[in-house]
Number of protein chains: 2
Amino acid sequence: MTAELQVLAALADPTRWSLLDELAGRPEATATVLAAGRTVTRQAVVKHLAVLERAGLVAARRQGRETRYTVRSERLDETARWMAAAARRWDTRLATIKQLAEGDDQ
Amino acid sequence: MTAELQVLAALADPTRWSLLDELAGRPEATATVLAAGRTVTRQAVVKHLAVLERAGLVAARRQGRETRYTVRSERLDETARWMAAAARRWDTRLATIKQLAEGDDQ
DNA sequence: CAGATATGCAACCCTGGGGTTGCGCATTCT
DNA sequence: AGAATGCGCAACCCCAGGGTTGCATATCTG
């Protein structure tokens, strides 16, 4: 579960979403390029990308003197499904409880 | 989108998941009860529940001198769907780019 | 080779958030 | 009424994490 929490923590930041969005628009991009249009420093972007990589939401590949990053949609989808499953689990458990309560009323 | 980020931030904490899990097992519960089995203080639990409520993952209802909390599965499901949609969006965008790239090759 | 470019690493600053304690207030019970 | 119970509020402590700057290192390019 900690892996999923890592993903959630990584996604709980607007700058990171912005980076992911921009990354989804290009086949791949370096931290320097991604930092170009932003107000934050390249170093800040690098840190964010590191967080995203640890979470598995992005893949880094060094080629020559530059490191290119790519979006990994699988992790996001996985986590989404995991959350949906949790929601369903809550529902069924609550339904069971409600049913038991109604039984007690009679 | 900030609403979804609020949900993600709320979910990026193990204690909060534990509370949600426990809440899903009972029809409703007070902060004091939830704090009973734990190592953390009631106040800590109260703070967590406040975060969860702001995110819409839990509903608070005061009755007499006690406040009872209930799980709200809808928000979780909504957010899960929102994430899944983002994942699909990334995929289609990347597919388009790849296709364009192949076209350029020829 | 020398200059330019792209990173990586490390030290530092500062705010937010998880956690605690102490205390006052409202509600319930006897 | 008086004691007990359940909360809410506020002040504080502490550290992870977002952000910055400065500098060393690696890789192209002319």
Side-chain angles (χ1 to χ4, degrees), chain A residues 1-23 26-71 79, chain B residues 1-23 26-71 79:
Chain A
M1 185 187 93
T2 29
E4 282 88 350
L5 286 197
Q6 205 174 359
V7 174
L8 293 179
L11 293 176
D13 180 292
T15 307
R16 240 119 60 186
W17 271 99
S18 169
L19 286 173
L20 290 170
D21 245 39
E22 195 169 342
L23 268 179
R26 342 192 163 193
E28 58 184 4
T30 90
T32 310
V33 169
L34 289 171
R38 305 173 184 283
T39 60
V40 301
T41 313
R42 171 184 64 92
Q43 290 302 334
V45 173
V46 170
K47 281 194 180 180
H48 281 304
L49 288 172
V51 172
L52 291 172
E53 189 186 9
R54 268 180 246 126
L57 290 165
V58 126
R61 182 174 62 103
R62 179 145 201 181
Q63 175 151 356
R65 72 176 154 181
E66 58 186 13
T67 341
R68 299 177 180 168
Y69 294 87
T70 320
V71 166
T79 311
Chain B
M1 184 188 94
T2 29
E4 282 87 351
L5 286 197
Q6 205 173 1
V7 175
L8 293 179
L11 293 176
D13 180 292
T15 307
R16 242 121 56 187
W17 271 100
S18 169
L19 286 173
L20 290 170
D21 245 37
E22 196 169 341
L23 268 179
R26 340 190 166 195
E28 58 184 5
T30 89
T32 310
V33 169
L34 289 171
R38 304 174 184 284
T39 59
V40 301
T41 313
R42 171 184 63 93
Q43 290 302 334
V45 173
V46 170
K47 281 194 181 180
H48 281 303
L49 289 172
V51 172
L52 291 172
E53 189 186 10
R54 269 180 246 127
L57 290 165
V58 126
R61 182 174 62 102
R62 178 145 201 181
Q63 175 151 356
R65 73 176 154 181
E66 56 186 15
T67 340
R68 299 177 181 169
Y69 294 86
T70 320
V71 165
T79 311

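Chain naming here is simple, since letters A, B, ... match the order of the sequence lines and numbering starts at 1 in each. Owing to the predicted nature of the structure, the values given are computational and were not obtained by experimental measurement. When reading the values below, keep in mind they use all heavy atoms of this one structure, side chains included, and skip hydrogens, waters and symmetry mates.
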field: Atom of Ala31(A), atom of Val46(A) and distance for their closest heavy-atom approach
entry: CB-CG2, 3.7 Å

- prompt: What are the two closest non-hydrogen atoms of Val33(A) and Arg26(A), and how far apart are they?
  reply: CG1-NH1, 3.3 Å

task: Just grab all the salt bridge (Lys or Arg N to Asp or Glu O under 4.0 Å) pairs involving residues 45-69 of chain A, residues at least two apart or on different chains.
output: Glu28(A)-Arg61(A), Glu28(A)-Arg68(A), Glu66(A)-Arg68(A)

task: Name every residue in residues 4-21 of chain A that has at least one heavy atom under 4.0 Å from any atom of DNA chain C, in order of residue number, or write none if there are no such residues.
output: none

Could you tabulate the donor-acceptor pairs under 3.5 Å formed by side-chain atoms of residues 13-20 of chain A, not counting sequence neighbours?
from     : atom 1 : to       : atom 2 : distance (Å)
Asp13(A) : OD1    : Thr15(A) : N      : 2.8
Asp13(A) : OD1    : Arg16(A) : N      : 3.1
Arg16(A) : NE     : Ala10(A) : O      : 2.8
Arg16(A) : NH1    : His48(A) : ND1    : 3.2
Arg16(A) : NH2    : Ala9(A)  : O      : 3.2
Trp17(A) : NE1    : Leu11(A) : O      : 2.6
Ser18(A) : OG     : Arg38(A) : NH1    : 2.8
Ser18(A) : OG     : Arg38(A) : NH2    : 3.2

- line: In numerical order, the residues of residues 45-52 of chain B whose heavy atoms come under 4.0 Å of DNA chain C are Lys47(B), His48(B)

- prompt: Starting at CD of Gln43(B) and ending at P of dA10(D), how long is that distance when rounded to a whole Å?
  reply: 12 Å

task: Return the minimal non-hydrogen interatomic distance between Leu8(B) and Ala12(A), and the atom names on each side.
output: C-CB, 4.0 Å

statement: Nearest heavy-atom contact between Val58(B) and Tyr69(B) is CG1-CD2, 3.7 Å

Under-4.0 Å side-chain N/O to phosphate OP1/OP2 contact, Thr41(B) with dT20(C): yes

message: Distance check, rounded to the nearest 0.5 Å: Leu49(A) atom CG versus Leu34(A) atom CG?
response: 6.0 Å

message: From CZ of Arg42(B) over to P of dT21(C), roughly how many Å is that when rounded to an integer?
response: 12 Å

- request: Please work out which residues in residues 59-70 of chain A have a non-hydrogen atom less than 4.0 Å from an atom of DNA chain C and list them by number.
  value: Arg62(A), Arg65(A), Glu66(A), Thr67(A)

task: For Thr41(B) and Ala44(B), indicate whether the former's side chain and the latter's backbone hold a donor-acceptor pair under 3.5 Å.
output: no

